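These figures come from a predicted structure and were not determined experimentally.
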Amino acid sequence: MAASVTNSSASSSSHGAGDSDRWDAATYSRMNFVQTMAGDVVALLGAQRGERVLDVGCGDGALTAAVAASSGAAVIGTDASPALVRAAVERFGVDARVVSAQDLAKHPESQDGSFDAVFSNAALHWILRRPEERRGVVAALAAAVRPAGGRVVAELGGAGNVSDVISALMTAAEALPGGRSGAVRAAVEAALPWWFPTVDEMR
């Protein structure tokens, strides 16, 4: 695959980068358990030789490259983190671009229905954090695939994910002065970087 890094103005991230890139590629690479557990969703994707696949929230590109190598598909990665996209290009030779999922709709090349599939692994719970952005992101993913036979295959954390972590944060917040007020709890919930939906919330 050809390697490229293309920048896009991105106010929010496929992987939660925000205005500053808080992702460290070396640390991300060491935490590769998510990629190693992606066998089922990769099998569901079923990428085939000659297909074009868009990997949204590709991270450091390890899984993107693996899908391309095992299937023969042309896989293009996007992520809002410049550090992770750089790693995807330099370490794995991925054709990766710095584009947040929220900005996909601004890029005609990703909205022309020319992809056979859109793929996303362990990223949508970061991407869909803001309620006002959810419908637009999902519509952009759908617009990327060809109208007849195109597919969107994604995996994300569901309701109850990291519940112990969130519970510990709430307990710590409640121990602060005034921590048992509803305002403190609401502030903690607003600061969480993820959204772990139920099946009904995703419909």
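- Shown here are the salt bridge (charged side-chain N to carboxylate O under 4.0 Å, His left out) partners of Arg151, two or more places apart in sequence or in another chain: Glu51.
- Listed by chain and number, the residues in a side chain to side chain contact (heavy atoms under 4.5 Å, CB included) with Ala105 are Gln111, Ala140 (sequence neighbours excluded).
- Qualifying side chain to side chain donor-acceptor pair (under 3.5 Å) partners for Gln35, counting only residues two or more places apart in sequence or in other chains: Asp60.
- In summary, the side chains of Arg86 and Ser81 do not present any donor paired with an acceptor at a separation below 3.5 Å, with no hydrogens or angles considered.
- Counting only residues at least two apart or on different chains, the salt bridge (charged side-chain N to carboxylate O under 4.0 Å, His left out) pairs with a member in residues 191-203 are Asp200-Arg203.
- A donor-acceptor pair is defined here as one N or O able to donate and one able to accept, closer than 3.5 Å; such a pair exists between the side chain of Ser70 and the backbone of Ala66.
- Here the OG atom belonging to Ser120 is positioned 13.0 Å from the CH2 atom belonging to Trp126, to the nearest 0.5 angstrom.
- Partners of Asn32 according to the side chain to side chain donor-acceptor pair (under 3.5 Å) rule, which considers only residues two or more places apart in sequence or in another chain, do not exist here.
- For Arg30, the side chain to side chain donor-acceptor pair (under 3.5 Å) criterion is met by Thr27, not counting sequence neighbours.
- Panel note: side chain Asp21, backbone Ala83; a donor-acceptor pair is recorded below 3.5 Å.
- For Val42, the side chain to side chain contact (heavy atoms under 4.5 Å, CB included) partners are Ala38, Leu63, Val67, Phe119, not counting sequence neighbours.
- If you take CG on Leu54 and OG1 on Thr78, they are separated by 5.0 Å, rounding to the nearest 0.5 Å.
- Between the NZ atom in Lys106 and the OG atom in Ser100 there is a gap of 7.0 Å [rounded to 0.5 Å].
- The aromatic rings of Trp23 and Tyr28 stand perpendicular to each other, their planes meeting at an angle above 60°, with 30° marking the opposite boundary.
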With a cut-off of 3.5 Å and sequence neighbours excluded, list every side-chain donor-acceptor pair involving residues 153-164.
| residue | atom | partner | partner atom | Å |
| --- | --- | --- | --- | --- |
| Glu155 | OE1 | Ala122 | N | 2.9 |
| Ser163 | OG | Gly160 | O | 3.2 |

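- Atom CG of Leu128 is separated from atom CD of Gln102 by 8.0 Å, given to the nearest 0.5 angstrom.
- For the pair Ser71 (side chain) and Arg49 (backbone), a donor-acceptor distance under 3.5 Å is absent.
- Taking Asp40 as the reference, nothing meets the side chain to side chain donor-acceptor pair (under 3.5 Å) condition, with sequence neighbours excluded.
- The list of salt bridge (charged side-chain N to carboxylate O under 4.0 Å, His left out) pairs with a residue in residues 134-146, not counting sequence neighbours, reads Asp116-Arg146.
- Residues meeting the side chain to side chain contact (heavy atoms under 4.5 Å, CB included) test with Arg129, sequence neighbours left out: none.
- Remark: of the listed residues Phe196, Trp195, Trp194, Phe196 is the sole one forming a ring-ring contact (aromatic ring centres under 6.0 Å, His included) with His125.
- For Ser114 and Asp112, the side-chain atoms include at least one donor-acceptor pair closer than 3.5 Å.
- Here the straight-line distance linking atom CG of Asp79 with atom CG of Leu84 works out to 5.5 Å at 0.5 Å rounding.
- Counting only residues at least two apart or in different chains, salt bridge (charged side-chain N to carboxylate O under 4.0 Å, His left out) contacts with residues 166-176 comprise Glu174-Arg180, Glu174-Arg185.
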